[in-house]
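Naming: A, B, ... by sequence-line order, numbering from 1 per chain. The structure presented is a predicted model; accordingly, all values stated were derived computationally and were not measured.
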2 protein chains.
Amino acid sequence: MTPAGRRIVAAAEELFYNRGITAVGVDLIAEQSGVTKRTLYNQFGSKDRLVATYLAERDQRWRSLVRSTVDRCERRVEAVTAPFDALRTWSKTNTRGCAFINALAELPDPSHPAHRIAANQKLWLLNLFKELAVAADCSDPATLATQLFVLHEGALATQPLPIDTLSETADLARALVRASEHPRR
Amino acid sequence: MTPAGRRIVAAAEELFYNRGITAVGVDLIAEQSGVTKRTLYNQFGSKDRLVATYLAERDQRWRSLVRSTVDRCERRVEAVTAPFDALRTWSKTNTRGCAFINALAELPDPSHPAHRIAANQKLWLLNLFKELAVAADCSDPATLATQLFVLHEGALATQPLPIDTLSETADLARALVRASEHPRR
DNA sequence: GCCTATGTTCACAGATCAGTATACCTTGGA
DNA sequence: TCCAAGGTATACTGATCTGTGAACATAGGC
């Protein structure tokens, strides 16, 4: 991606996430990134493709954070709930809920390129929970993973509300993992 | 509300929920409800106030469903997780996630009338969980209520995804309630 | 020295947006 | 009988939307 392209995506991330995708026009993004609208269209072709790029970029950054948080765990039981620690870090600078849920809300058309990206992001996390649960030798890892996933999404979705739910949610997640550890370990 | 007003709100509900608030124009709502745009503005004054009416109407309908589901429970322990049963019913005809979360995503301005309505809807449910937990004599009802609330919102938020999470979520919710029952009962 | 990639400037098209103006119609009640 | 409320029909404003066209500038690599 060219320097101008990177600046455009950075401005798009900021604006789309904080003001909504439909509400933000390409003119504003071009102005905010110090670039001509022509350059924006030369780089991305359409607003829809810029939206997809924005979500893909954000997905990548988020996965990196989760992965590094998981890798930093010494014991595999801790790793299962590491995404909740990542969420705490993430929430410090992202207080407008989940960008992917929000994008799905604004773009109902399943054929929109952003749709696939958002759905995949969610399924990736669900699958990661399952892998971590298997690695930690938890009983019924599929069910546990679904429960942790729903808890995670719930904590994320309630983020814009004036109440803090993350602590209780993470506590419950850890209790669930402990309860599903095999006794023979 | 006049007959035309009711038709407008009905059309607005359908369109706003399924296509997004910003993406739907007032012309489309007027056309869909078989009403002139002039009538729409005579009734509601602005699009923002129509959006607020749409959310208030939806909130009312949803609370009725939850209340009736709660009231139908014979034992108070069942009542605590009744909102999850209501969610199952609700999800049959509402597969685009939570209208209030979606509205918050599209309308970042906290001074928007819809903002208060959406936030209140969530806080109402959290408080209902707490009241039900107290009535069922659960230990630490505040924490339990927060956990049930997050689970509920998680199940709602993951609804647009091609996976079913509601069964496992409701099971976990019931297990949590059972685990927090006082032994002396 | 030339060529390609990256970008700029600026005007423009066609559609759609929220919201208004004006004049008219219909119906039920005092 | 009149009048007010609810509603229709239609045209309009001014702004904003995504996206395009055409000509020009600049710099690095062969």
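- For Gly34(B) and Lys37(B), each mapped to the nucleotide of DNA chain D holding its nearest heavy atom, the one lying further toward the 5' end belongs to Gly34(B).
- At whole-Å resolution of the value, CD1 in Ile8(B) and C1' in dT8(D) are 12 Å apart.
- Rounded to whole Å, the distance from CG on Asp48(A) to P on dT18(D) is 10 Å.
- We find that CZ of Phe44(B) is positioned 13 Å from P of dG6(D), with the value rounded to whole Å.
- Checking the phosphate oxygens (OP1, OP2) of dG7(D), no side-chain nitrogen or oxygen of Thr39(B) falls inside 4.0 Å.
- No donor-acceptor pair under 3.5 Å is formed between the side chain of Arg76(A) and the backbone N or O of Leu132(A).
- Salt bridge status for Asp171(B) with Arg174(B): present, with a side-chain N to carboxylate O gap under 4.0 Å.
- Without hydrogens or angle criteria, Arg7(B) side chain to Gly34(B) main chain gives a donor-acceptor distance under 3.5 Å.
- No hydrogens or angles were tested; on distance alone, a donor-acceptor pair under 3.5 Å links the side chain of Arg38(A) to the base of dG21(D).
- Donor-acceptor pairing under 3.5 Å, judged by distance alone, is absent between the side chain of Lys47(A) and the base of dG19(D).
- Here chain A contacts DNA chain C (any atom closer than 4.0 Å to a heavy atom, that is under 4.0 Å), and the contacts span dT6(C) to dT9(C) from 5' to 3'.
- Near DNA chain D, meaning a heavy atom under 4.0 Å from it, residues 13-23 of chain A has no residue at all.
- Side-chain proximity of Thr2(B) to the nucleotides dT20(D), dG7(D), dT8(D) is greatest for dG7(D).
- Between the side chains of Thr22(B) and Glu106(A), no donor N or O sits under 3.5 Å from an acceptor N or O.
- Distance, Leu40(B) CG to dT8(D) C1': 14 Å, rounded to whole Å.
- Two rings, from Tyr54(A) and Phe16(A), have their centers less than 6.0 Å apart.
- Comparing dC17(D), dA9(D), dG7(D) by their nearest atom to the side chain of Asp27(A) picks out dC17(D).
- Here the P atom of nucleotide dA4(D) and the CG atom of Asn42(B) are 17 Å apart, to the nearest Å.
- In this structure, Trp62(A) and Trp124(A) have perpendicular ring planes: the angle between them is above 60°, well past the 30° mark.
- Remark: side-chain polar atoms of Asp59(A) are not paired, donor with acceptor, to backbone N or O of Asn120(A) under 3.5 angstrom.
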